[in-house]
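Hydrogens, waters and symmetry mates play no part in the numbers below; they use all other heavy atoms, side chains included.
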Amino acid sequence: MLSIGEFSRLTHLSVRTLRRYHEAALLEPAVVDETTGYRYYGVDQIPTAQVIHRLRELDVPLSDVQRILRTPDPDVRAALVADHLQRLEDVLDRTRAAVVSLRRLLRPDPAPIDVELRAEPARTVAAVEAVVGHGDVETWFAGAMAELEAAVGTAVTGPPGGCYDNALFEQERGHALVYLPTAAPPRTGRVHPVVLPAAELAVTTHVGEHDGVEVTYGELGTWVVENAMSVAGAGAGGLRCRPS
């Protein structure tokens with residue numbers, strides 16, 4: 001048996017942390033002296049303590065650590081760890097995108113964007129649309145595009161696009177539509193033909209990750225205001241606008 005202090009030194013887990021893990025039924029001592037309350041651990045508990053230490057270094061919640069330790073199936077344990085690692089990678093991706101956007105915003109002399117005024121005729125496209133919350137847009141977009149790509153396949157005739165109501169940004173919930181151009185839009189599942197009306201557009205190209213697109217939108221919006229145009233709504237390729 002090892003005292004809690006000895007076990008702490010061998011596992012690099014503080015005495016306070018070991019007590020907390022005991023209270024959470026995550027890592028219970030092999031023996032607790034009924035008279036003194038002293039905790040004693042077995043050497044066979046060292047690997048378990050090290051696993052807990054590594055998982056906590058990865059910010060795995062205590063409840064998930066408990067599930068991993070109590071699951072006898074190694075495949076299930078691996079899947080639980082993999083799910084958490086994917087969440088960490090998603091957070092890292094968002095952090096990297098935010099850093100890129102901040103660096104671009106904080107440049108002392110940002111390069112001007114190229115803007116083109118373009119008249120787009122009405123056209124029929126294959127689309128998926130819904131009313132979504134602002135926090136759900138990314139998940140909804142991925143599912144909608146996957147469904148569109150499966151339905152249209154090789155019949156696609158141009159790049160994808162989208163239109164988003166102002167309410168989606170102003171009230172955090174609104175109508176969103178994504179589409180793929182195709183000569184004969186199919187009607188299957190959520191995919192259906194939609195006629196995009198003719199529009200006069202101010203168009204620019206966003207270079208970089210999609211997560212940083214709001215910086216380009218801001219720059220395009222600035223151009224629109226400075227050139228006496230009013231913003232009518234947001235489109236995937238630029239801000240839908242009309243002369244004021």
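D165 has no carboxylate O lying under 4.0 Å from a charged side-chain N of R173, or vice versa, which leaves the two without a salt bridge. The pair R118-E120 counts as a salt bridge, with a side-chain nitrogen and a carboxylate oxygen less than 4.0 angstrom apart. Classification of R54 and E57 as a salt-bridged pair holds, one side-chain N sitting under 4.0 Å from a carboxylate O.
Within the model, atoms CG of L220 and CG of D114 stand 11.5 Å from one another, a figure rounded to the nearest 0.5 Å. The distance from atom CG of L13 to atom OH of Y21, rounded to the nearest 0.5 Å, is 6.0 Å. For the atom pair CG (L2) and CD (Q45), the distance works out to 9.0 Å, reported to the nearest 0.5 Å. To the nearest 0.5 Å, the span separating CG on L168 from CD on E172 amounts to 9.0 Å. E28 CD to E23 CD: the interatomic distance, rounded to the nearest 0.5 Å, is 11.0 Å. We find the CZ-CZ distance between R70 and R77 to be 14.0 Å, quoted to the nearest 0.5 Å.
In this structure the side chain of T124 never reaches within 4.5 angstrom of the side chain of V194, judged on heavy atoms. Counting heavy atoms from C-beta on, the side chains of W140 and V128 come closer than 4.5 Å. Residues T17 and R19 fail the side-chain proximity criterion, which asks for heavy atoms closer than 4.5 Å. With contacts defined as side-chain heavy-atom distances shorter than 4.5 Å, the pair L196/Y179 qualifies. Taking 4.5 Å as the limit, every side-chain heavy atom of V125 sits out of range of all side-chain heavy atoms of T182. Residues I4 and Y38 have side chains not in contact (no heavy-atom distance under 4.5 Å, counting atoms from C-beta outward). Using a 4.5 Å heavy-atom cutoff, the side chains of P29 and H22 are in contact. A heavy-atom distance below 4.5 Å is not found between the side chains of Y217 and F169.
Only one option out of T11, L27, L18 pairs with I52 in a side chain to side chain contact (heavy atoms under 4.5 Å, CB included); it is L27.
Cluster membership for V191 and V195, using ILVMFWY side-chain heavy atoms within less than 4.5 angstrom, is not shared. Put simply, I68 and I46 are part of the same group of oily side chains (I, L, V, M, F, W, Y) that touch within less than 4.5 Å, one to the next. At a threshold of 4.5 Å between side-chain heavy atoms, the hydrophobic network of Ile, Leu, Val, Met, Phe, Trp and Tyr places V131 and M145 in two separate groups. In terms of hydrophobic clustering, with Ile, Leu, Val, Met, Phe, Trp and Tyr side chains grouped at heavy-atom distances under 4.5 Å, F7 and V31 are assigned to different clusters. Both L85 and V51 belong to a single network of hydrophobic side chains, linked directly or stepwise wherever heavy atoms of I, L, V, M, F, W or Y lie under 4.5 Å apart.
Q66 places a side-chain N or O within 3.5 Å of a backbone atom of A24 that can act as its donor or acceptor partner. The closest donor-acceptor contact from the side chain of E129 to the backbone of V178 lies at 3.5 Å or more, if one exists at all.
Closest approach of P181 and P159 over heavy atoms only: CD-O, 3.2 Å. In plain terms, the two heavy atoms of S3 and Y40 that are nearest each other are CA-CD2, 3.9 Å. Minimum interatomic distance between M1 and G42 (heavy atoms only, all atoms of both residues): CE-CA, 3.8 Å. Closest heavy-atom contact between V132 and A176: CG2-CB, 4.0 Å. Across all non-hydrogen atoms, the minimal contact from V15 to G5 is CG2-CA, 4.3 Å. Nearest approach of V60 to H84, heavy atoms of both residues: CG2-CD2, 3.2 Å.
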Practice task
Starting from the C-alpha separation in whole Å, work towards a yes-or-no answer on side-chain contact (heavy atoms from CB on, under 4.5 Å) for R20 and L62.
Solution key: CA-CA 11 Å; R20 183 159 57 92; L62 287 178; 3.7 Å; yes
Problem - side-chain contact (heavy atoms from CB on, under 4.5 Å) evaluation trace for L69 with T48 - result: CA-CA 8 Å; L69 293 176; T48 301; 4.2 Å; yes
Practice task
Check the pair R56, D64 against salt bridge (Lys or Arg N to Asp or Glu O under 4.0 Å), reporting the backbone distance first and the verdict last.
Solution key: CA-CA 10 Å; R56 293 297 291 153; D64 288 351; over 6 Å; no
Exercise for the section: Just do the side-chain contact (heavy atoms from CB on, under 4.5 Å) check on E138 and D136 with the steps written out, would you? Expected result: CA-CA 6 Å; E138 185 175 343; D136 301 324; over 6 Å; no
Exercise for the section: Start with the C-alpha distance between H134 and Q171, add both sets of side-chain angles, then the distance that settles side chain to side chain donor-acceptor pair (under 3.5 Å), and finish with yes or no. Expected result: CA-CA 9 Å; H134 190 273; Q171 281 87 46; over 6 Å; no
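The aromatic rings of H12 and H53 lie perpendicular to each other, with more than 60° between the two planes, well past the 30° mark.
The 12-atom threshold is not exceeded at CZ of R67, counting heavy atoms of other residues, nucleotides or ligands nearer than 6.0 Å.
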